[in-house]
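Inspection log for the structure reproduced underneath, given as structure tokens.
Because only heavy atoms are used, hydrogens play no part in the values below, and waters and symmetry mates are left out as well, while side chains stay in.
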Amino acid sequence: SLRRDLGPEAGMSVQLFRVLRRLLGGPGQGRLIWALGADVFEGMQHWSEKARTFLQPGDTCDALFLFTREGWTHERLIKAAQAVGDSPCQVCVMPMPEDLLGISSHKARGALVRESADRDVPDMRALHMMLTPSVAKFCLERPDVLRIYAHQ
């Protein structure tokens, strides 16, 4: 993965976003959107100065997509944003559909790895509970993706 290739320090720094920006054509080119759970965003308060360096349109991220689960209120999001501090990034809040509230990317990656390793023919019904059919199919057809997921 790109993070691994950059190494433990650069892969967890503003350099990750600057490399992604270069892949989009350089500063001011393309649109780099960071999608994350609101819980991760809330945790940024513990590293807010570093987080703000990740949220610089045209240089690092142009926008944030925050996925919320049950229990997230407007007030809680505002409090999290205030803890992180001012950011010129566009922020879009996307509530998770009710049928996906119990799903996490960590669980979905684990299911993909288990299904690919445990069976000659993966149980697509089980995967479709967590992933769209096209995403599940794409991931299962990519041994490189599955190897990365196995280590996460």
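- A donor and an acceptor atom, one from each side chain of Q56 and R21, are nowhere located under 3.5 Å apart.
- In this structure, L127 and L140 have side chains that are in contact, with non-hydrogen atoms separated by less than 4.5 Å.
- Side-chain atoms of E141 do not come within 3.5 Å of backbone N or O of F138 as any donor-acceptor pair.
- At a threshold of 4.5 Å between side-chain heavy atoms, the hydrophobic network of Ile, Leu, Val, Met, Phe, Trp and Tyr places M96 and I33 in one connected group.
- The backbone N or O of V84 sits less than 3.5 Å from a side-chain atom of R52, completing a donor-acceptor pair.
- Between H128 and P133, the closest heavy-atom pair is NE2-CA, 3.3 Å.
- Looking at heavy atoms from C-beta onward, R114 lies out of side-chain contact with R109 at the 4.5 angstrom threshold.
- Placement of L16 and V14 within a single hydrophobic cluster is found when ILVMFWY residues are connected by side-chain heavy-atom separations under 4.5 Å, directly or transitively.
- Looking at L64 and F41, their side chains come closer than 4.5 Å, going by heavy atoms from C-beta outward.
- Follow the hydrophobic side-chain contacts under 4.5 Å out from V40 and you never reach F67; the two are in separate clusters.
- Side chains of E42 and L77 form no contact here, defined as non-hydrogen atoms less than 4.5 Å apart.
- Side-chain N or O atoms of K50 include one that pairs as donor or acceptor with a backbone N or O of M12 at under 3.5 Å.
- Taken from SG in C61 to CG in L55, the straight-line distance is 6.0 Å, to the nearest 0.5 Å.
- Here the closest non-hydrogen pair linking A63 and C89 is N-SG, 3.8 Å.
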Margin query: side-chain contact (heavy atoms from CB on, under 4.5 Å) for Q90 and R31? Distances and angles first, verdict last.
Written below: CA-CA 11 Å; Q90 175 188 5; R31 188 151 163 79; 2.4 Å; yes

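- Between D59 and R18 there is a salt bridge, since at least one side-chain N of the basic residue sits less than 4.0 Å from a carboxylate O of the acidic one.
- In this structure, CE in M130 is found 11.5 Å from OG in S105, a value given to the nearest 0.5 Å.
- Residues L146 and C139 come closest through the heavy atom pair CG-O, 3.5 Å.
- At a threshold of 4.5 Å between side-chain heavy atoms, the hydrophobic network of Ile, Leu, Val, Met, Phe, Trp and Tyr places M94 and W34 in two separate groups.
- Using a cutoff of 4.0 Å between basic side-chain nitrogens and carboxylate oxygens, D39 and R76 are not scored as salt-bridged.
- At a threshold of 4.5 Å between non-hydrogen side-chain atoms, the residues L131 and L112 count as touching.
- Between the CD atom of Q29 and the CZ atom of R22 there is a distance of 14.0 Å, given to the nearest 0.5 Å.
- Comment: K79 does not engage E75 in a salt bridge, judged by the lack of any side-chain N to carboxylate O separation of less than 4.0 angstrom.
- In this structure, NE2 on H106 lies 12.5 Å from OH on Y149, to the nearest 0.5 angstrom.
- Residues L36 and F65 are members of separate hydrophobic clusters, defined by side-chain heavy-atom contacts under 4.5 angstrom among Ile, Leu, Val, Met, Phe, Trp and Tyr.
- Pairing each heavy atom of A83 with each of Q45, the nearest pair is CB-CB, 3.5 Å.
- With hydrogens and angles disregarded, no donor-acceptor distance shorter than 3.5 Å links the side chain of D62 to the backbone of P57.
- Contact annotation: the side chain of T60 never approaches that of T53 to less than 4.5 Å [non-hydrogen atoms, C-beta and beyond].
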